[in-house]
Trainee: 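I have a structure I would like to understand better, so I am pasting it below and will then ask my questions one at a time.
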Amino acid sequence: MTKKHRQNLMSDNDDFFDRVYSVTRLIPFGKVTSYGAIAAAIGSPGAARMVGWALNKSLSQTPFVPAHRVVNRNGILSGKHYFGGSNTMQELLENEGVKVVDDKIVDFKLIFWDPKSEL
DNA sequence: CGTCTGACGCACG
DNA sequence: GCGTGCGCCAGAC
């Protein structure tokens, strides 16, 4: 199954990355979700690693992709190191009212947003 | 075209 | 509950 073939099946799809960006932009302000949840939402459960990779690329994409709202299944900011080396990711989250302690989101389950709930 | 590499996740011990 | 191993898919070499 080639890339072009998949485009045929998903009419408004460009590629895997754009689907990740689309879902990520749907994350409400002050909410967070996980890589696996996004992967499952775009029809590729198990491709969580691809999501993280796509989000990395998204840092230089437009419009802005709230990649800081995506963490791993434990609520840990596994990608904070890619936001400029400082605590940028944590600051962005706290700026939205999301508490972060020791690189981990407080009450992760309570503010977790499931992408599939919007589909 | 074979291999390696990930911002992951799950099964297993 | 924690460490290890492996599968996952797409892109870079």
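Throughout, a chain's letter reflects where its sequence line sits, starting with A, and its residues are numbered from 1.
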Trainee: Can you check the distance between B/dA7 and C/dC13, where both ends of the measurement are the C1' atom (answer in whole Å)?
Mentor: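 Roughly 22 Å separates the two C1' atoms.
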
Trainee: How is A/Asn56 classified with respect to the nucleic acid when contacts are heavy atoms under 4.0 Å: base, sugar-phosphate, or nothing?
Mentor: base

Trainee: For B/dT5, give its Watson-Crick or G-U wobble partner with both distances under 3.5 Å, or none.
Mentor: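 Check on B/dT5: paired to C/dA10, both distances under 3.5 Å.
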
Trainee: Starting from P on B/dG6, measure out to NZ on A/Lys57 and report it in whole angstrom.
Mentor: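 Taking atom P of B/dG6 as the reference, NZ of A/Lys57 is at 16 Å.
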
Trainee: Take atom CZ of A/Arg73 and atom P of C/dG7, then tell me their distance rounded to the nearest Å.
Mentor: 19 Å

Trainee: Regarding A/Ser78, tell me which of base, sugar-phosphate or nothing describes its non-hydrogen contacts under 4.0 Å with the strands shown.
Mentor: sugar-phosphate

Trainee: Is any side-chain N or O of A/Arg49 closer than 4.0 Å to OP1 or OP2 of B/dT5?
Mentor: no

Trainee: Take the protein atom CG of A/Leu55 and the nucleotide atom P of B/dA7, then report the distance between them rounded to whole Å.
Mentor: 12 Å

Trainee: Please classify the nucleic acid contact of A/Ala39 as base, sugar-phosphate, or nothing, using heavy-atom distances under 4.0 Å.
Mentor: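 Contact class for A/Ala39: none.
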
Trainee: May I ask you to check whether over 12 heavy atoms, not counting those of A/Lys104, lie within 6.0 Å of atom NZ?
Mentor: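 Atom NZ in A/Lys104 is not packed in, count stays at 12 or less.
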
Trainee: Answer yes when A/Arg69 and A/Glu96 have at least one side-chain N-carboxylate O distance shorter than 4.0 Å, and no when they do not.
Mentor: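 Yes.
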
Trainee: With a 3.5 Å distance limit and no angle check, can you tell me whether A/Arg25 reaches the backbone of A/Val65 through a side-chain donor-acceptor pair?
Mentor: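 No: the side chain of A/Arg25 does not pair with the backbone of A/Val65.
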
Trainee: Judged by each residue's nearest nucleotide on DNA chain B, which is more toward the 5′ side, A/Asn72 or A/Met50?
Mentor: A/Met50

Trainee: Measure CD1/A/Ile27 against C1'/B/dA7 and give the value in whole Å, please.
Mentor: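 Computing the A/Ile27:CD1 to B/dA7:C1' distance gives 13 Å.
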
Trainee: Whole-Å distance between B/dA7 C1' and A/Leu77 CG?
Mentor: 10 Å

Trainee: Can A/Asn87 and A/Lys80 be counted as having a side-chain donor-acceptor contact under 3.5 angstrom?
Mentor: yes

Trainee: Please report, rounded to the nearest Å, how far the C1' atom of B/dC8 is from the CD1 atom of A/Ile38.
Mentor: 12 Å

Trainee: Please state how far atom CZ in A/Phe17 lies from atom P in C/dA10, giving the value in whole angstrom units.
Mentor: 9 Å

Trainee: Is the shortest distance from a Lys or Arg side-chain nitrogen in A/Lys99 or A/Asp107 to a carboxylate oxygen in the other one below 4.0 Å?
Mentor: no

Trainee: B/dA7, OP1 or OP2 - any side-chain N/O from A/Tyr82 closer than 4.0 Å?
Mentor: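 Yes.
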
Trainee: Once you apply a heavy-atom cut-off of 4.0 Å, does A/Leu59 come out as touching a base, just sugar-phosphate, or nothing?
Mentor: base

Trainee: What is the separation between atom OH on A/Tyr35 and atom P on B/dG9, rounded to the nearest whole Å?
Mentor: 8 Å

